[in-house]
Undergrad: 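Please read through the structure below; I'll follow up with questions.
This chain uses plain numbering: 1 for the first residue, then up along the sequence. Quick caveat, the model's predicted, so the values are computed rather than measured.
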Amino acid sequence: ATSVSGEDIPRPLLRAVQGALNKLNADNMKSIVGSLEAIFRSNSRNHTTTAITKLILEACVNPDRTSSHLLRVYAACIASLHTVVGFEVSASFLQTTVERLNQLYEETQASLRSLDPSNDMDEIETLLDKRVVNLVSLVSLLYLFNVVGASFIYDFLNLFLDSLSPLDIELTMEVLRTCGSKLRQERDKKVLDILLTMKEKAETLPQQTSRVKFMIEGLLDLRAGRWKILKDNSADMKVFTRAIRSCSSARKLTSNPLSVSLDDVLNARTRGRWWLVGAAWAGRDGSGGLNAMTQEEKRIVSSSRSDVKDFGDDEQGVLQQVQTLATQQRMNTDIRRKVFSIIMTSDDYVDAVDKLVKLNLKGQQEREIVRVAVDCCVQEIPFNRYYAVLIHSLCVNSHSHKHTLKYVIWDRLREMDNYADDVRKGFVKFLAHCFANGSQPISILKILPFNELSQTGIDAMRLLFTEMLTKYPKDKIETAFENLQHNDGASTVKAGINFFISHFMSEEELPRETTPKQKLLRSRLNFAVRACTHAVL
């Protein structure tokens, strides 16, 4: 969640966000999300995210049932911001929402346990806190609009299965009503097992109320793939899915659901938000989370300050070590040292961007931000994606940073043969991240003489294309090469890439083993060649 309380949000910012949300509807989603994006650009992202979260939850957390249309509009707005602004917005919103939901859930369960068990179950069900139901509906809609994955909903169903109280039954029904149509399409053995266990447990309840019977029928519907009880709401949702697409389609933006579990979110304040690349992680000894991750994932989500040892509360010790590192990295001006200190001591990349923007640097001094960030990125071994995400965020928010990055990359490409192997490898991985995420277009490779590369240059370009084409999602690769294909002024670089792949990454040049990675590489190399050789119709 955001680290700023509602009282800390500047009143003009709160009024601006409130004004935008008051006008929000499916029909004007694109323009309102555009207004919110502009607010993000001119204010602290942390404050803006907090303001949006605060106002939406105030509208949704009501003692009575909130209008389903209003919940859908707000969930669609968060889904749009997830793609357009960044997933740190949806991650913070999700964390705050789930924490509030968990608090209300525990309070309601405690109230139910204090009631006389001989009371009529139908009467008890009328006393349930509707605020919890509203929040469960909101989270289910986030799944429906691809902000979170199906595993997040499975976690909720498992939670409700533990006690299957009247509240659990009501919340299970709300999940099935809201996103049952999409759960049906998952056809995941895990969800089918959960539903079967829930049905069997519900049939053993001493009081078979109308709601319990409805839930059992709904579970049977979901398992059998029919619509006897559950309503197929996919037609009602089309207007919202179209609105979400309209916000991102013009700029060909794409995003993936947050890969996060309910346990991760509930323990985020103690373990850290590991699902945000570059966020600090404090849960190394806790259960789940990091222990269940691969070595590569551990490295990616490890602390953004990997060169700064854990001094606990010894702030002076941290500052002293940062100063030592700054000297080692040749941060030889006050501005470079200040930028370096912010990058190395920030909680995550969002915090770093906020602090760097507040420096309010201009001209040559502003250009030092990207230069220092790239220096940190290529010098750290192994490659730490925190810096790449930070630089991408800077480029998204400022054209001048993107322009500076282009010249920094050109300078480093020209000097690539002189770098140590580890530094060159880090730079190439950073370059792959830039191309795949749109920080820079592939066309900036036009300065390279592909037909006259040294052996070092050939090895670096092989690694670049292998890294980019195998480590990033298909939609990002397609977008990057389609943008190159549509660039009429990039004929030289397209011919150069085609020449390089044909001569140095052909079937004869690649390893002969048929691993999934090699198959994927061959397939995407073919796509890249087609994008570089076929004219746009």
Side-chain angles (χ1 to χ4, degrees), residues 83 86-88 251-256 259 274-279 294 296-304 306 343 346 348-350 352-353 356 369-398 401-413 416 419 422-445 448 459-484 493 497 517 520-521 524-525 528:
T83 301
F87 51 80
E88 69 273 11
R251 287 181 282 174
K252 297 186 178 180
L253 298 173
T254 58
S255 63
N256 296 315
S259 298
W274 69 258
W275 59 91
L276 284 182
V277 175
T294 65
E296 173 67 9
E297 287 169 330
K298 288 179 184 180
R299 183 184 62 72
I300 290 172
V301 303
S302 63
S303 171
S304 62
S306 59
I343 292 173
S346 293
D348 54 28
Y349 80 93
V350 180
V353 169
L356 290 170
I369 293 176
V370 169
R371 294 184 183 280
V372 170
V374 174
D375 282 343
C376 294
C377 184
V378 301
Q379 293 292 336
E380 182 160 329
I381 301 168
F383 176 70
N384 187 340
R385 209 173 292 183
Y386 161 73
Y387 303 107
V389 176
L390 167 61
I391 294 166
H392 174 70
S393 184
L394 289 168
C395 291
V396 167
N397 291 305
S398 169
H401 287 315
K402 189 170 185 176
H403 188 68
T404 300
L405 179 60
K406 178 177 69 173
Y407 285 99
V408 170
I409 289 174
W410 280 352
D411 290 343
R412 290 188 171 272
L413 283 172
M416 192 163 52
Y419 292 151
D422 287 336
V423 173
R424 187 185 308 111
K425 187 175 180 180
F427 172 62
V428 167
K429 289 188 173 186
F430 167 64
L431 207 53
H433 187 280
C434 287
F435 292 158
N437 290 281
S439 308
Q440 288 293 316
I442 300 174
S443 58
I444 67 168
L445 293 177
L448 288 179
D459 293 342
M461 288 301 103
R462 275 203 192 106
L463 176 60
L464 170 63
F465 288 118
T466 301
E467 185 79 12
M468 180 182 175
L469 296 175
T470 61
K471 297 288 183 67
Y472 293 91
K474 179 182 178 182
D475 55 347
K476 291 191 174 184
I477 303 304
E478 289 178 348
T479 299
F481 276 98
E482 284 170 0
N483 288 341
L484 177 64
V493 72
I497 292 173
K517 180 179 178 180
L520 178 64
L521 178 59
R524 291 187 173 178
L525 281 171

Undergrad: Does R412 have any side-chain hydrogen bond (donor to acceptor under 3.5 Å, both in side chains) partners at least two apart in sequence or in another chain, and if so, which?
TA: D375, Y419
Undergrad: Identify the two heavy atoms, one from H392 and one from N437, that lie closest to each other, and give their separation to 0.1 Å.
TA: CE1-O, 3.0 Å
Undergrad: Salt bridge (Lys or Arg N to Asp or Glu O under 4.0 Å) with K406: which residues, sequence neighbours excluded?
TA: none
Undergrad: Do L431 and E467 pass the side-chain contact (heavy atoms from CB on, under 4.5 Å) test, and can you show the C-alpha distance, the side-chain angles, and the key distance before you say yes or no?
TA: CA-CA 9 Å; L431 207 53; E467 185 79 12; over 6 Å; no
Undergrad: On a heavy-atom basis, which atom in P441 and which in F435 lie closest, and how many Å separate them?
TA: O-CE2, 3.3 Å
Undergrad: Taking all heavy atoms of H401 and all of V370, pick out the closest pair and write down the distance.
TA: ND1-CG2, 3.6 Å
Undergrad: What is the minimum heavy-atom distance between A373 and I391, and which atoms define it?
TA: CB-CG1, 3.6 Å
Undergrad: Between R424 and A460, which heavy-atom pair has the shortest distance, and what is it?
TA: CD-CB, 4.0 Å
Undergrad: Let me see the working for L445 and L413 under side-chain contact (heavy atoms from CB on, under 4.5 Å), right down to the final yes or no.
TA: CA-CA 9 Å; L445 293 177; L413 283 172; 4.1 Å; yes
Undergrad: Could you tell me whether the side chain of T479 and the main chain of D475 form a donor-acceptor pair under 3.5 Å?
TA: yes
Undergrad: Taking all atoms of both residues into account, what is the closest heavy-atom pair of A388 and C377, and its distance?
TA: N-SG, 4.4 Å
Undergrad: Hey, could you give me the CZ/CG distance between F481 and L469, rounded to the nearest 0.5 Å?
TA: 5.5 Å
Undergrad: Heavy atoms, side chains only, cut-off 4.5 Å: are T470 and R524 in contact?
TA: no
Undergrad: Excluding sequence neighbours, so at least two apart, what forms salt bridge (Lys or Arg N to Asp or Glu O under 4.0 Å) with D459?
TA: R462
Undergrad: Measure the CG-OG1 distance between L520 and T466 for me, rounded to the nearest 0.5 Å.
TA: 10.5 Å
Undergrad: With under 30° as parallel and over 60° as perpendicular, where do the rings of F427 and F430 fit, or are they tilted in between?
TA: tilted
Undergrad: Once you round to the nearest 0.5 Å, how far does NZ of K402 lie from CG of N397?
TA: 12.0 Å
Undergrad: Begin from the C-alpha positions of M461 and L464 and carry the test side-chain contact (heavy atoms from CB on, under 4.5 Å) through to its verdict.
TA: CA-CA 5 Å; M461 288 301 103; L464 170 63; 3.9 Å; yes
Undergrad: How many angstroms lie between CD1 in I409 and OG in S439, if you round to the nearest 0.5 Å?
TA: 8.0 Å
Undergrad: Rounded to the nearest 0.5 Å, what separation is found between the CG atom of D422 and the CD atom of Q379?
TA: 10.5 Å
Undergrad: Please round to the nearest 0.5 Å and tell me the distance separating atom CG of L394 and atom OG1 of T404.
TA: 10.0 Å
Undergrad: Output, in order, the C-alpha distance, side-chain angles, deciding distance and verdict of side-chain contact (heavy atoms from CB on, under 4.5 Å) for C376 and Y386.
TA: CA-CA 10 Å; C376 294; Y386 161 73; over 6 Å; no
